[in-house]
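All figures in this text were calculated on a predicted structure; none of them were measured in a lab. Note on naming: letters A, B, ... go to the chains in the order of the sequence lines (proteins, then strands), and numbering restarts at 1 for each one.
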There are 2 protein chains.
Amino acid sequence: MRFLLIEDEKELAAALSTALGKHGIVTDHTMHLADAFELTRQNPYDAILLDRRLPDGEGLSFIPQLRRAGVDTPVIVLTARNEPLERVEGLNVGADDYLGKPFLVEELMARVRAVLRRPSNLVEPRIVAGRMVIDPLNLNVTIDEAALDFPRRELLVLVALAKRKDKTVLRSTLESAVYNYEEEIQSNALDAHISRLRKRLLEMGAGVTIHAIRGVGYLLREE
Amino acid sequence: MRFLLIEDEKELAAALSTALGKHGIVTDHTMHLADAFELTRQNPYDAILLDRRLPDGEGLSFIPQLRRAGVDTPVIVLTARNEPLERVEGLNVGADDYLGKPFLVEELMARVRAVLRRPSNLVEPRIVAGRMVIDPLNLNVTIDEAALDFPRRELLVLVALAKRKDKTVLRSTLESAVYNYEEEIQSNALDAHISRLRKRLLEMGAGVTIHAIRGVGYLLREE
DNA sequence: CCCTCAAGATTACGGCAGCATTGCGGGATT
DNA sequence: AATCCCGCAATGCTGCCGTAATCTTGAGGG
């Protein structure tokens with residue numbers, strides 16, 4: 001397998017290249033979007049790892065350019081800007097996955113495998129949970145076609161739980177679904193969100209309950 | 001299935017052909033409108049993909065010519081994404097759908113499927129929102145049959161919201177509905193449009209309200 | 001069976017991020 | 001030349017959300 005890495009931090013790029021090499025992956029590396037486009041014409045990459053903040057501009061703008069040229073190679077966006085809403089932005093312009101720095105190479109590999117296994121990535125997923133229908137890409141929740149208004153953080157918690165409905169979601173997973181690495185929590189803010197979310201779901205008769213798994217995380221279950 | 005592709009960018013055409021090939025579609029390709037017409041006489045295509053800017057003229061002029069000859073093959077117009085208003089023109093002369101470049105091949109396929117599934121091709125979608133009837137293709141809004149006049153940007157915001165009536169529309173989605181990639185916003189211009197649009201809708205008794213979903217986006221709801 | 005302690009649940013409070021509104025001025029259009 | 005659109009920025013305000021204090025629940029041990 002052969003990847004294209006578009007990243008301007010040289011040390012990170014070098015480290016990634018060697019790490020990927022241990023998985024049998026050959027990596028081409030460039031710091032510039034202009035070069036990147038040329039490279040994709042010359043090589044059929046299996047995946048593209050794309051940084052957002054680059055010397056010649058916003059990395060995301062590369063994706064439409066690529067798609068316009070008919071290249072449908074999976075793109076995984078790497079960024080320090082791990083604001084959850086920004087992830088959605090990336091996915092909306094055609095990225096296949098999003099990975100916030102810092103990350104473990106193992107996690108990257110897991111996502112790469114997932115993306116490569118996916119036959120078509122444009123299917124708009126929807127989650128049904130109780131009476132709710134959730135569109136995780138547009139952060140949209142409806143009951144009987146009517147949109148519900150959730151505060152941002154509660155909404156992110158809800159989506160993260162609904163994505164793995166009937167399965168326990170680790171506390172740390174929830175935290176990284178709601179907060180980025182700059183934002184740090186020193187209190188029980190997550191617990192507070194869960195509590196407020198529970199109250200709200202009850203009031204609107206959403207048909208789901210959130211259970212605490214002591215010492216592990218939370219779990220959303222249909223009633 | 002067999003498609004006719006009328007496109008002068010060779011690279012894009014080649015990429016599209018192979019991509020469509022993966023979906024089991026045979027593609028005939030030409031760069032000239034004159035050839036295209038001949039080809040449609042000889043082959044019963046399932047769909048025609050038509051670029052607007054062509055060496056021998058405006059691609060759109062091909063559609064009336066085709067219809068006059070009694071050919072009702074679905075036509076999907078590929079246009080530069082820059083001008084939202086530009087897309088609309090194509091639909092007025094009888095195109096069945098448009099697709100702004102850049103696009104994902106998967107999106108093209110989704111639209112192709114949609115068009116082929118449509119029983120009658122020249123269906124004119126219309127959105128009813130409150131007292132308004134919106135024709136999103138012609139960017140036309142009426143109340144009681146009377147046409148309303150909107151500033152361009154406010155109109156684009158309104159249509160984007162009305163298309164997803166009762167669903168939240170992400171801020172980033174709205175921005176990309178109103179602005180293209182060259183135009184950049186550094187202020188709360190979108191907020192200003194929303195505010196002015198609200199005022200206007202109120203004055204004319206449109207029967208809809210626009211709600212802010214704090215930290216997420218906006219939502220249009222009927223009163 | 002009860003006691004203990006840790007983990008979770010709930011809620012008030014206050015700071016501040018994000019939205020609403022509006023005047024201004026430049027530029028496009030007529 | 002007049003008008004209107006529209007980006008920009010200043011101002012005011014709403015309510016989200018982090019914090020912490022307090023209460024509740026549950027597991028394990030004696």
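Atom C1' of nucleotide dG18(C) and atom CD1 of Ile194(B) are separated by 14 Å, given to the nearest angstrom. The distance from atom NZ of Lys199(B) to atom P of dT22(C) is 5 Å, rounded to the nearest whole Å. Atom CD1 of Ile210(A) and atom P of dT10(C) are 10 Å apart (whole Å). Distance, Arg152(B) CZ to dT30(C) P: 13 Å, rounded to whole Å. With rounding to whole Å, Leu158(A) atom CG is found 16 Å from dC16(D) atom P. Taking atom CD of residue Glu175(B) and atom C1' of nucleotide dC19(C), one finds them 14 Å apart after rounding to whole Å. In this structure, CG of Asp149(A) is placed 11 Å from P of dG15(D), rounded to the nearest angstrom. dA9(C) atom P lies 14 Å from atom CD of Glu154(A), rounded to whole Å.
Comparing Ala192(A) and His193(B) by the nucleotide of DNA chain D that holds the closest heavy atom to each, the one mapping nearer the 5' end is His193(B). Mapped onto DNA chain D by nearest heavy atom, Arg200(A) and Phe150(B) fall at different nucleotides, with Phe150(B) at the one closer to the 5' end.
Between His211(A) and the phosphate of dG8(C), there is no side-chain N or O to OP1/OP2 separation shorter than 4.0 Å. An OP1 or OP2 oxygen of dA20(C) is reached within less than 4.0 angstrom by no side-chain nitrogen or oxygen of Ser195(B). For the OP1/OP2 pair of dG7(D) and a distance below 4.0 Å, the side-chain nitrogens and oxygens of Arg153(B) include at least one atom meeting the criterion. For dC19(C), the OP1/OP2 oxygens have a side-chain nitrogen or oxygen of Arg171(B) closer than 4.0 Å.
Using a 4.0 Å heavy-atom criterion, one finds that Tyr218(B) contacts the sugar-phosphate atoms exclusively. Contact annotation for Arg198(A): backbone-only contact, meaning every heavy-atom pair under 4.0 Å involves sugar-phosphate atoms and none involves a base. At a threshold of 4.0 angstrom between heavy atoms, the contacts of Ala189(A) include nucleobase atoms, whether or not backbone atoms are also involved.
Judged purely by atom type and a 3.5 angstrom limit, Glu222(A) uses its side chain to pair as donor or acceptor with the backbone of Gly130(A).
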Would you sort out whether Asp191(A) and Arg171(A) count as a salt bridge (Lys or Arg N to Asp or Glu O under 4.0 Å), showing the intermediate values? CA-CA 10 Å; Asp191(A) 303 59; Arg171(A) 213 184 164 76; 2.4 Å; yes
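Counting only N and O atoms by type, the side chains of His193(A) and Ser195(A) include no donor and acceptor under 3.5 Å apart.
Checked options Leu201(B), Val157(B), Val169(B), Leu219(B); the residue passing with Ile210(B) is Leu201(B) (criterion: side-chain contact (heavy atoms from CB on, under 4.5 Å)). Here the options are Val159(B), Asn140(B), Leu197(B), the test is side-chain contact (heavy atoms from CB on, under 4.5 Å), and the partner is Phe150(B); only Leu197(B) passes.
For Pro151(B), taking side-chain heavy atoms from C-beta onward, the closest of the listed nucleotides dG18(D), dA9(C), dC5(D) is dC5(D). Of the candidate nucleotides dT19(D), dG7(D), dT25(D), dT25(D) has the atom lying nearest to any side-chain atom of Arg214(A). Side-chain atoms of Ser187(B) lie closest to dC8(D) of the nucleotides dA9(C), dC8(D), dC19(C).
In the interface, the side chain of Arg196(B) is paired with the base of dG7(D) through a donor and an acceptor atom under 3.5 Å apart. In the interface, the side chain of Asn188(B) is paired with the base of dT21(C) through a donor and an acceptor atom under 3.5 Å apart.
A salt bridge is defined here as a Lys NZ or Arg NE, NH1 or NH2 lying under 4.0 Å from an Asp or Glu carboxylate O, and Arg52(A) with Asp8(A) fails to meet this definition.
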